[in-house]
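Below: the structure, in structure tokens.
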Amino acid sequence: MTAQSLPDPRQPDPRLPYLAELERKALWLSTWMIHNANHVRPNHDGMKVGGHQASSASLATIMTALYFGVLRPEDRVAVKPHAGPVFHALQYLAGRQTREKLENFRGFGGVQSYPSRTKDTDDVDFSTGSVGLGVAQTLFGSLVRDYVRAHGWGLDRPEGRMVALLGDAEMDEGNIFEALMEGWKHGLRKTWWIIDYNRQSLDAVIREGLYSRFEEIFRSFGWDVVVLKYGSLMDAAFAEPGGARLRAWIDTAPNQLYAALTFQGGAAWRRRLTQDLADDADALALLDRRSDDQLAELMGNLGGHDLVNLLKAFEGADNDRPTVFIAYTVKGYGLPLAGHKDNHSGLLTPAQTELFRERSGVPAGREWEPFAGTRLPEAELRRFIDRAPFFREGPRLRDAARLPVPQDFPCPRQPTLSTQAGFGMILNELARSDAPITERIVTTSPDVTVSTNLGGWVNRRGLFAREELRDLFRAERIPSTFTWDFSAEGQHIELGIAEMNLFLLLSGLGLSHRLFGERLIPIGTLYDPFIARGLDALNYACYQDARFIIAATPSGVTLAPEGGAHQSIGTPLIGLSQPGLASYEPAFVDELSLILAHALDYVQRDGEAGGSVYLRLSTRSLEQPHRALTAELADSVVAGAYWLREPGPNCEVVVAYTGAVAPEAIEAVGRMAEDRRDVGLLAVTSADRLHAGWSAAQGARERGERGVQSHIEALLGRLPRHCGLVTVIDGHPATLGWLGSVHGHRTRALGVAHFGQTGTVADLYRHFGIDARGIVAAAQGLSPERPIRQLSLVAG
């Protein structure tokens, strides 16, 4: 609503009766959903949803004001996880959700416990669940919106706000503060965070004065701060004689006391206030003019429960600046458990729910009807909803056309090269291209841009900032390898050292086609061992079905001199197990070229046909093979494995390797070939793709689809049963250890299962038994009939 269309402050807002009725219905429906899930259709898993009951209630007023009064279709919202029932109830009232799914809340196929972009069918902008992440996602979504518009895309559509609804205890999450810093650096704008300041965490009442700390923090980062402490009933009472004294009491009351009196009700409020205000006749008269119920209503009329003051605050905010609203609320507002410190795990009993149904005016047997028992005609309410700006334009999900991948995709040809260096060369060549997809690539890195070989790309494509900033070293003619110019045309977003921010930004960039109707191809880089530092955000990004490519380098104990703190071990298992993420670890740059070309297409595919891509790369320079990449070989590289040395019909041993240990595997096979017949060498480019294909094929056969065979089943199907498998990776041995289960071959899985230390590559490979000698020794152990004569001669 523009300033010109704001309601006349001298006249009642004509929307208020409708909003009050919709708030009442949302509170009832969300309460009934939770009651139905716990008492009528219990899950029988011992897990109750009391947290939903109390937290949803505290946000019902705020969410009603937003969705039916303030928000526009272009706005994007991250809803506090436990407010999911109110969100679904509001969507149901708007005709965007079905009764069947509401009745099945927390059941299979029903609405999700926490709003989900991919699992729910109503209008979810951002998934939530792991607290703090949805909040920060709105900040990075705002930066992505600015990136898109700065490049001249989507200017025919209105510029929306990014809105997050969060709890005060949620502000304990460190990733929120990391995000605030990044928002300040990049000139954050058009972002609202609305803190449900109910002063209760999951286990207790929060510390006194926390709101003032919030104010200081946000103001220091350049945010506007709007404190919504009092409702309009309180404002009116403060204007009466004795009102100033009542306000002073409210301002100094301890959080626990306020919560306890709220739970106890009007009589308890009267006893305590009469005692504490006994020396002020005007304040006592103010209390006497109100019944116990009216007094309870007054003291519960905090800013977050007052439609009048909420609308004034939201519609009076400066939309271009980041703004935080600290909205005082009562957890469990309107319910019998309001204010009780145990209400997070508390639930209304069936008897309490029945009383609440009667108080809500809902006739028995009509609990699920959206407008049953309303005090306004249903037709009027429906017309009001239909005119609500947020819902007026129908579904808000956008999409964008897929971009073709160039046929002449770059593939560096050098005698020796590392996959990390090859990755940088490929991007550098893409930067020279005028292919449409190149304009949509946006790279980012947490202060390791140069050391992950993105420097060439940045030199050609520049860094992004809404305001131009030229490289001072270049302007002063000081020699430098890299050009660090910032402009609105730049295609690299530089971040500080915070991996959570990296994955949240990649998530926002990877949702651009859904949020803004403009496709971006995000590519992020970081050090492989530090994936774990951002793992929660990576999982969150994949859960949202955001699409991006992450190049993690350097990896493993191959990063020998850096020591154990920088040597990744379990990251291949992350790639193997993370849903929505296809993981690759090529050894050679021609493999990487094929995989990266595939990845640029894969991240654009809809649904389960696509996803994000993780490339585990290395700084170890390897001698590159000179070979023709046939279509069959290219398909096998992308599918996850190919024979570097084909096994013969009487094969006794196969060595399967992944990544930088290729030279050791090749040497070992050469050493044992004289004493083991028809030895095979399997190059595994993706344990993840092999395992996913194998699992899918097994499932298909179990469903009766005969003849289905996975890629790894076909590759290993030619091996005789007596053949042994030695697998080797610079990572956890379980990554490849499952290969023996495909056809029942005896397997010895080599890898790294303990923290490393400083040393040379040869030192550490020998220590962990992943050098050529270790591989040969493992082969000897699998087939001990005849000694491998070269075992004692193997290097190391």
Verdict with supporting geometry, Y258 and W269, ring-ring contact (aromatic ring centres under 6.0 Å, His included): CA-CA 9 Å; Y258 210 99; W269 276 117; 4.9 Å; yes
Donor + acceptor pair across side chains of Y543, S116 (<3.5 Å): yes
L22 side chain near F384 side chain, heavy-atom distance below 4.5 Å: yes
Polar side-chain atom of R76 near backbone of S142 as donor-acceptor pair, under 3.5 Å: no
Electrostatic pair R189-E159, nearest N-O below 4.0 angstrom: yes
Between Y230 and D251, a side-chain donor and acceptor under 3.5 Å: yes
Side chain to side chain contact (heavy atoms under 4.5 Å, CB included) partners for D288, two or more places apart: R270
Pair R157 + E393, salt bridge at N-O below 4.0 Å: no
Nearest-0.5 Å distance, CG of residue L59 to NE2 of residue H305: 8.5 Å
SB check D122 R96 (cutoff 4.0 Å): no
L307 side, atom CG; D13 side, atom CG - distance, nearest 0.5 Å: 9.0 Å
Donor-acceptor contact below 3.5 Å, side chain W28 vs main chain E367: yes
Between F314 and W192, ring centroids under 6.0 Å: yes
Partners passing salt bridge (Lys or Arg N to Asp or Glu O under 4.0 Å) against E354 (at least two apart in sequence or in another chain): R357
Side-chain donor or acceptor of D120 paired with backbone N/O of V111 under 3.5 Å: no
Side-chain touch F356/W32, heavy atoms, less than 4.5 angstrom: no
Derivation of the side-chain contact (heavy atoms from CB on, under 4.5 Å) call for I62 and T329: CA-CA 10 Å; I62 293 171; T329 63; 4.2 Å; yes
Min side-chain heavy-atom separation V362-K25 under 4.5 Å: yes
Student check: side-chain heavy atoms of L504 and N175 closer than 4.5 Å: yes
Interatomic spacing from CG in L302 to NZ in K229 - rounded to 0.5 Å: 9.0 Å
Residue pair L286 / L277, side-chain heavy-atom distance below 4.5 Å: no
Test item: L515 and V144 side chains (from C-beta on) under 4.5 Å apart, heavy atoms: no
Donor-acceptor contact below 3.5 Å, side chain D75 vs main chain R72: yes
Residue pairs, two or more places apart or on separate chains, that pass side chain to side chain donor-acceptor pair (under 3.5 Å) and touch residues 370-379: E21-R375, E378-R382
Side chain K119, main chain G110, donor-acceptor under 3.5 Å: no
From CA spacing to verdict: ring-ring contact (aromatic ring centres under 6.0 Å, His included), Y18, F68: CA-CA 9 Å; Y18 300 97; F68 291 117; over 10 Å; no
Side chain proximity check, L27 to V86, heavy atoms < 4.5 angstrom: no
Within-4.5 Å side-chain heavy-atom neighbours: P350 and H35: yes
Rounded distance (nearest 0.5 Å) linking atom CE of M171 with atom OH of Y197: 11.0 Å
